[in-house]
Amino acid sequence: MGFNVLTAAEAASFIKNGATIGLSGFTASGAPKDTFAALAQIAEAEHEAGRPFKVDLFTGASTNKYVDGALSLANAINRRTPYQNTPDLRKRINAHDAHYFDMHLSELAQKLRYGFFGPLDFAVIEAVDVTDDGRLVLGTGAGISTTIAQLAKHIIIELNSGISKKLEGLHDLYMPADPPYRREIPIYNVNDRIGSPYLYVDPKKVLGVVHTNATDGVAPFSALDETSEHIGANVCNFLVHELKAGRLPKEFLPLQSGVGNVANAVLYGLAEATEIPPFAMYTEVAQDAVLDLMERDRCKFVSTCSLTMSDDAMSRLFAHDDEFCKRIVIRPSELSNNPEIVRRLGIISMNTALEADIFGAINSTHVLGTKMMNGIGGSGDFTRNSYLSIFSCPSVSKGGCISNIVPMVAHQDHSEHSVDVLVTDQGVADLRGKDPVQRAELIIENCAHPDYRPLLHKYLSLGKGGQTPHALCASFAFHNAFAETGDMRNAEL
C-alpha cells in the first residue's frame, strides 16, 4: 500500500480544536471506529490543561459509541448534525453543551456542497478495501461519503478488516450535479444502478490509513412485545385492505420503513401477510427483519443507505452472499432519501412517532416538547413525498401514564398535511379526505387508549369555533399533568 500507515492516535493528532469533520457511514454502519476514541483522549488532555477542544461533526445519520459516545463523554462536540441516538450526546444537546441542529437527511450533502456550513477540514472514511490510486470499497453505510471525499482538505481512511470484503459491488455511488446544472436522477426502478461501486478519493489528500478490526456492533432488536405485534398486524391488515380495494396497484409498491422495534414488528408482520405479493424496499436502513424477508422471498430487492444489521445477521448475509448480495444496493443518503425518487417510485412510507395529536400532527423528536430524543432523520424525506404516508406509535407509554395521542403535540415535525394514516395498537385512523374534526373523532375512537378517550372527547368539545377547534387554554393539559403528577390521566380540562 502506497499510503502512510497511521495509528489511531497519529491520525487523531492531525485534528485540532475547531476542526470541521465529515464522517462516512449511516447509523453505526460504516462509521469510523478507532480514530475518534483517540481524539476523545486528546480532548480530555486538552481540557485538563485548561485549553478548549471541540470539533464540528457532519455525518450521514447517527454514529456509534466510538464517535458520538466517546466525544460526548469528553465534551468535545461543538456543532453536530443531522441525526444522533447516543445517550451521552443526547445529554450534551439538552444541556446545550453541544449545538445540535436537526435536519432532513436527504439535504445535508448538498447543503455542505453549497457552502452553507463553511469549509470541511477532514473526512474520516471507513473502507474494507483501498488501492494506491484512491479507489475505496466503502463499509456497510454510504451516508454522505461521496460529498465529504470531494470537499475535505484532508482524508483519513480507516481500513476495517472486521467487515467482509464481500461488500464490493453492493454500492451505487452517484452525486447529482448542483443547480443550475442538475438533471433528473435516473432511478426508475428500485434495482436501477446509476453510479459506481467504488468511492474514488484524491490520493494527495490522504493523510494515511488506520488499520482497524471491529464490527459495526449493531445490537439486535428485542423480542417483539404484544403492543408492537398489534401495531404490526394493524398496519399489515390496512395494507391488505387497500390492496383489495384497488387503492394500491396489484403489483404493490416499494416500502420504506423507519428504525426501531415498532418498524421491525411491521416488517415481520409483512412476512406473514401473504395476500400482499413479494415487494421491493426503497429505504434508508435495512434491519435484521429485511434479511428474514429476503430469506422467505417476501422481499425481492432492497435499496438502502446502510445495512444496519446485528453481527449475527451480517454473518448470515455474507455466509449466503450469492443469494442475498445480488438483491441489495447501498446508496448515498442523497439518493436513498431523495424526494424526487420517492415521489416517482410511489413509496409507501412507514415511520414512527413519539406522539400524535387528535388532528393528525406528529412529534417525532422531542420528549414533552423540549428534550431532544434522536432527530427527525429521514422520516420527512419520505413522508411528504410518498404515495401513502403511515405513522405508528403505541397508544400509551410508561404503563399508561403517558398518552401518545394528545390534544396538541408539544413539538411538531410533520403537519397533518403530510400524514395519511395513523396506527396504534388500538387500531387504524385513515385520515384521507377528512376535515379536522372528522380526523379528531376518528383518531380518538380508533387510536387513543380507552383510558384517555373521555378526556380527549372533552377537549374536543371545549374548542370554540374555527375549522380546527383547539382549546388553547387546555392544549397542553396532558403534558402539564405529567410534569406535575407523573400521570397524564390527571389532566384537568
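Hydrogens, waters and symmetry mates play no part in the numbers below; they use all other heavy atoms, side chains included. These numbers come from a predicted model, not from an experiment. Residues: numbered from 1 along the sequence shown.
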Distance only, no hydrogens: is a donor on one side chain within 3.5 Å (strictly under) of an acceptor on the other, for [X] and [Y]?
| X | Y | result |
| --- | --- | --- |
| T215 | D311 | yes |
| D312 | S315 | no |
| T147 | R113 | yes |
| S161 | H211 | no |
| D102 | Y100 | yes |
| D413 | T365 | yes |
| H414 | S364 | yes |
| T212 | D34 | no |
| S397 | N404 | yes |
| R90 | N85 | no |
| T352 | S392 | no |

Taking every non-hydrogen atom, the tightest pair across [X] and [Y]:
| X | Y | answer |
| --- | --- | --- |
| I144 | S333 | CG2-OG, 3.8 Å |
| M373 | Q84 | O-NE2, 3.0 Å |
| S395 | C447 | CB-O, 3.4 Å |
| A152 | I155 | CB-CG1, 4.5 Å |
| P82 | T59 | CD-O, 3.0 Å |
| V67 | T63 | CB-OG1, 3.5 Å |

Going by heavy atoms in the side chains, are [X] and [Y] under 4.5 Å from each other?
| X | Y | result |
| --- | --- | --- |
| S24 | P32 | yes |
| E284 | T304 | no |
| Y83 | N374 | yes |
| D68 | N64 | no |
| M350 | L255 | yes |
| V201 | V130 | no |
| F301 | V329 | yes |
| N17 | V55 | no |

**OP:** Applying side-chain contact (heavy atoms from CB on, under 4.5 Å) between P407 and each of D357, L472, L456, L455, report the one that passes.
**Re:**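 Answer to the side-chain contact (heavy atoms from CB on, under 4.5 Å) test with P407 among D357, L472, L456, L455: L456.
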Could you measure the distance from the [atom1] atom of [X] to the [atom2] atom of [Y]? Nearest 0.5 Å is fine.
| X | Y | atom1 | atom2 | result |
| --- | --- | --- | --- | --- |
| D129 | N160 | CG | CG | 12.0 Å |
| S72 | D88 | OG | CG | 6.0 Å |
| L173 | L138 | CG | CG | 5.5 Å |
| S389 | N351 | OG | CG | 7.0 Å |
| H171 | T140 | NE2 | OG1 | 7.5 Å |

(request) Dump the intermediate steps for side-chain contact (heavy atoms from CB on, under 4.5 Å) on Q256 and Y282, then the final yes or no. (result) CA-CA 6 Å; Q256 174 263 336; Y282 195 91; over 6 Å; no
NZ/K65: more than 12 non-hydrogen atoms of other groups inside 6.0 Å: no
Member of D381, N385, T283 meeting the side chain to side chain donor-acceptor pair (under 3.5 Å) criterion with N337: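 Only match with N337 under side chain to side chain donor-acceptor pair (under 3.5 Å): D381.
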Take D172 and I330, measure what side-chain contact (heavy atoms from CB on, under 4.5 Å) needs, and give me the verdict at the end. CA-CA 6 Å; D172 183 41; I330 304 173; over 6 Å; no
Next item on the list: Go through the steps for L71 and L39 under the test side-chain contact (heavy atoms from CB on, under 4.5 Å), then give the verdict.
Entry: CA-CA 8 Å; L71 292 181; L39 188 64; 4.2 Å; yes
ring-ring contact (aromatic ring centres under 6.0 Å, His included) pairs touching residues 29-59, sequence neighbours excluded, are F58-F117
*Pairs where residues 361-383 contributes a residue and the test ring-ring contact (aromatic ring centres under 6.0 Å, His included) is met, not counting sequence neighbours*: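 Found H366-H411.
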Practice item. Kindly determine whether D425 and T227 satisfy side chain to side chain donor-acceptor pair (under 3.5 Å), including the steps that lead there. Key: CA-CA 6 Å; D425 50 293; T227 298; 5.0 Å; no
Check your understanding: Between R135 and Y198, is NZ or CZ placed under 6.0 angstrom from the six-membered ring centre and within 45° of the ring axis?
Key -> yes
Decide if the gap between the ring center of H479 and the ring center of F482 is smaller than 6.0 angstrom. no
Please find out if less than 6.0 Å separates the ring center of Y452 from that of F478.
yes
- Any salt bridge between D56 and R80, counting N to O under 4.0 Å? no
Answer yes or no: is there an ion pair linking K33 with D216, defined by an N-O contact shorter than 4.0 Å? yes
Output all residues satisfying side-chain hydrogen bond (donor to acceptor under 3.5 Å, both in side chains) with D292, sequence neighbours left out; order by chain, then residue number.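 In terms of side-chain hydrogen bond (donor to acceptor under 3.5 Å, both in side chains), with neighbours along the sequence ignored, D292 is linked to Y268, R316.
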Quiz prompt | Trace of the ring-ring contact (aromatic ring centres under 6.0 Å, His included) decision for F14 with H154 | solution = CA-CA 9 Å; F14 288 105; H154 308 288; 7.7 Å; no
Next on the checklist: Set out, in order, the CA-CA distance, both residues' side-chain angles and the distance that settles side-chain contact (heavy atoms from CB on, under 4.5 Å) for M294 and R327, then state yes or no.
Outcome noted: CA-CA 8 Å; M294 288 197 294; R327 293 192 279 169; 3.9 Å; yes
